[in-house]
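Here is the structure we will look at, set down as structure tokens.
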There are 2 protein chains.
Amino acid sequence: MKDENIPVTSETLGSYLGTSGDSIRRDIGCLIPKEGKGHYEKRPLAEEIAQAFGFEEPLKICLVGLGILGQYMLQTMDQWDHAKIVLLFDTKINRLERLDQSIPAFPAWEIPEILPSRGIKTAVLATEAEEAEKNASRLFSGGVKYLLNLTGYYLRSPHGGIRIKNINLLSELLCLKATLQNQRKE
Amino acid sequence: MKDENIPVTSETLGSYLGTSGDSIRRDIGCLIPKEGKGHYEKRPLAEEIAQAFGFEEPLKICLVGLGILGQYMLQTMDQWDHAKIVLLFDTKINRLERLDQSIPAFPAWEIPEILPSRGIKTAVLATEAEEAEKNASRLFSGGVKYLLNLTGYYLRSPHGGIRIKNINLLSELLCLKATLQNQRKE
DNA sequence: TAGTGTGAACCGTTTCACAGCC
DNA sequence: GGCTGTGAAACGGTTCACACTA
């Protein structure tokens, strides 16, 4: 890879992220111990940000739920450097058997037994909505600290040390419609 | 269905949504023309909210991209009352042929030709990231006003009349890790 | 008395404005 | 001159406090 110390402006970065140059500068100012006063350069900046957030080595992730959505996560993350799925669970054993994966896979009720020894902090929950609550608490008691919940069932964090991101793909559509419809009211 | 004029408190509603009763009351106050001063009741309240947002009849949705993620959307929305997928597109013709669907399906390059006559305002984009930009502009010129973009490629709205919700399932994981890591720094 | 509706205070974020630096 | 870094103002959303009502 060639030397990528090419300059980037905060404004350009902002445009990639859908925000302003002002905000970018503020955020970078918080993250990076401010010594360099010069202009931003692509590679060193990226490295400093990655370091500030702890992105140097890939995240090890546990995936629960091997339905169609779980398979999608498995597939797309395969081509991704920043995180790797290293452990699989599902409630349906036949799904696990059908799998020709190099990634170890177990029935979901074995989470409490298997997870703790692996030191995995991050999980993706992609089961049916009905199984969300139960599997989430299994994960938390197994040591998971960050949960990406794709089930559509809204989960609340049991305490401050655990972060949950709830994503409900269906309701996003209604939100979109609602916001646009509402802004017309003016 | 039995009569559901049962009372609900703002606090209870808030707990379902991960917010406070105060906020719920504020929001309801904005949405509903405030005449009833009494306590909230489940069904009438739900109906008034649905009406305020225009949720009475199901959203008609167009789905672009029939990969694994698109198939997931197709599958889950099938069991959902609030929105229905009524039109499909994909760039790969063999995917379209393999489909035994009652929903009409066309190659993506025919969007500009087919979409306008259908009066569809809402679309889900679930193609490869590389095809996001091109298909999005096809959709917009075909009359789409709300776009749920699941490709992972960040799209910006061409103007105020169009709303885009970008969801990047992969990067959500990094965000989660970053926020938790950061709050430790205190 | 429990719960709503709403001004007023509060707080985190974004934008503005501008001084300093390359 | 263009860009960064950062106080100060502006903004939007949340919380507080409390009068009002069923």
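Every chain is numbered from 1 and lettered A, B, ... according to where its sequence line falls, protein lines coming before strand lines. These numbers were taken from a predicted model, which means no experiment stands behind them.
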Check nucleotides 9-11 of chain C for protein N or O atoms closer than 3.5 Å to its own N or O atoms and list the pairs.
none

Distances under 3.5 Å only, N/O to N/O: pair up the protein atoms with those of nucleotides 16-22 of chain D.
residue	atom	partner	partner atom	Å
dA17(D)	N6	Asp22(B)	OD1	3.4

The test is side-chain hydrogen bond (donor to acceptor under 3.5 Å, both in side chains); show your working for Ser15(B) and Thr12(B) and say whether it passes. CA-CA 5 Å; Ser15(B) 80; Thr12(B) 313; 5.8 Å; no

Step by step, would you call Val144(B) with Lys121(B) a side-chain contact (heavy atoms from CB on, under 4.5 Å)? CA-CA 4 Å; Val144(B) 161; Lys121(B) 295 279 194 300; over 6 Å; no

Evaluation steps, side-chain hydrogen bond (donor to acceptor under 3.5 Å, both in side chains), between Thr179(A) and Arg163(B): CA-CA 8 Å; Thr179(A) 52; Arg163(B) 275 199 80 86; 3.0 Å; yes

Applying side-chain contact (heavy atoms from CB on, under 4.5 Å) to Thr122(A) and Leu173(B), what does each step give before you reach the verdict? CA-CA 8 Å; Thr122(A) 313; Leu173(B) 282 165; 3.7 Å; yes

Donor-acceptor pairs under 3.5 angstrom involving side-chain atoms of residues 131-141 of chain B: please list them, not counting sequence neighbours.
residue	atom	partner	partner atom	Å
Glu131(B)	OE1	Thr91(B)	OG1	3.2
Glu131(B)	OE2	Thr91(B)	OG1	3.4
Glu133(B)	OE1	Tyr153(B)	OH	2.5
Asn135(B)	OD1	Arg138(B)	NH1	2.7
Asn135(B)	ND2	Glu131(B)	O	3.0
Ser137(B)	OG	Glu133(B)	O	3.3
Ser137(B)	OG	Lys134(B)	O	3.0
Ser141(B)	OG	Ser137(B)	O	3.1
Ser141(B)	OG	Arg138(B)	O	3.0

Let me check something: any side-chain donor-acceptor pairs from residues 54-75 of chain A under 3.5 Å, sequence neighbours excluded? List them with distances.
residue	atom	partner	partner atom	Å
Gln71(A)	NE2	Leu66(A)	O	3.0

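Here Ser20(B) reaches the OP1 or OP2 of dT15(D): one of its side-chain N or O atoms lies under 4.0 Å away. Tyr40(A) has no side-chain polar atom (N or O) that falls below the 4.0 Å cut-off from OP1 or OP2 of dG2(D).
Of all non-hydrogen atoms in Pro107(A) and Phe89(A), the two that sit nearest each other are O-CD2, 3.5 Å.
Proximity of a side-chain donor or acceptor of Asn149(B) to a complementary backbone N or O of Asn166(B) within less than 3.5 Å is not detected. Checked by atom type and distance alone, the side chain of Thr151(B) never pairs as donor or acceptor with a backbone atom of Thr127(B) at under 3.5 Å.
Within the nucleic acid shown, Thr19(A) has no heavy atom closer than 4.0 Å to any nucleic acid atom.
For the helix from dT1(C)-dA22(D) to dC22(C)-dG1(D), the terminal axes (five pairs an end, C1' atoms, rotation from four pairs onto the next four) enclose an angle of 10°, given to 10 degrees.
Here the side chains of Leu87(A) and Leu115(A) are in contact, with some heavy-atom distance below 4.5 Å.
Taking atom CD of residue Glu41(B) and atom C1' of nucleotide dG3(C), one finds them 13 Å apart after rounding to whole Å. Computed from coordinates, the Ile24(A) CD1 to dC3(D) C1' distance equals 14 Å when rounded to whole Å. Whole-Å rounding puts the Asp27(A) CG to dT4(D) C1' distance at 14 Å.
Few gaps surround NZ on Lys84(B); more than 12 heavy atoms of other groups in view lie less than 6.0 Å from it. Within a 6.0 Å sphere centred on CD of Glu128(B), other residues, nucleotides and ligands contribute 12 heavy atoms or fewer.
One hydrophobic cluster holds both Leu170(B) and Leu150(B) under the rule that ILVMFWY side chains link at heavy-atom gaps under 4.5 Å.
Contacts between residues 8-18 of chain A and DNA chain C, counted as heavy-atom distances below 4.0 Å, involve no residue at all.
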